Asks: 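My questions will all concern the structure given below.
Because the structure is a prediction, the values reported are computed rather than measured. Throughout, residue positions are numbered sequentially from 1 according to the sequence presented. Whatever order the structure lists them in is the order used to number ligands and atoms, beginning at 1.
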Amino acid sequence: KDEGDKDKKKKRKHTAACREILRKLQAHEMATWFLFPVDPKVVPNYRKVIKKPIDFSTIENRLKKGRYKTAEGFMNEILMVFDNCRLFNEDDSPIGRAGHALRSYFDERWAELVRDN
Ligand SMILES: Oc1ccc2c(c1)N[C@H](O)CC2
């Protein structure tokens with residue numbers, strides 16, 4: 001087993017763990033606003049305010065294509081979903097609160113992944 005095979009195996013392992021976390025986030029009742037890209041026709045000023053729009057379906061496609069070299073690359077894009085939400089929404093608003101709730105849920109799942117790997 002040369003170095004390359006070991007690296008490929010490691011990448012498959014963290015990709016599977018990240019896909020499992022993403023599936024849990026997508027199934028969460030608070031996930032609605034984060035599942036798909038914000039439609040600029042529906043929210044005209046969104047792309048003026050949010051420089052790096054990102055959502056769970058986009059992350060899922062990148063995971064499936066093996067675009068994340070490390071689990072941290074995946075984590076950074078998940079955190080960007082929540083940072084965008086905090087920037088665009090008041091904390092004391094339904095979507096703002098959903099973002100905070102889902103971020104806490106992600107933090108717990110991520111801590112489990114780190115512990116179990
Ligand atoms: O009032 C609105 C209308 C649309 C959206 C938001 C708030 N926040 C979401 O983050 C993005 C979509």
Asks: Using modelled atom types and a 3.5 Å cut-off, is there a donor and acceptor pairing between side-chain atoms of R47 and backbone atoms of V38?
Replies: yes
Asks: Spell out, as yes or no, whether a donor-acceptor pair under 3.5 Å connects the side chain of K11 to the backbone of K69.
Replies: no
Asks: Could you list which atoms of ligand 1 come closer than 4.0 Å to a heavy atom of N89?
Replies: 6 (C), 7 (C), 8 (N), 9 (C), 10 (O)
Asks: Do N117 and K13 have side-chain atoms, one donor and one acceptor, less than 3.5 Å apart?
Replies: yes
Asks: Under 4.0 Å from atom 1 (O) of ligand 1, is there at least one protein heavy atom?
Replies: no
Asks: Short list, please: which atoms of ligand 1 are under 4.0 Å from a heavy atom of V38?
Replies: 11 (C)
Asks: Suppose we measure from atom 3 (C) of ligand 1 to each protein heavy atom; which comes out shortest, and what is that distance?
Replies: V43 CG2, 4.4 Å
Asks: Could you tell me whether a side-chain N or O of N84 sits under 3.5 Å from a main-chain N or O of K52, the two making a donor and an acceptor?
Replies: yes
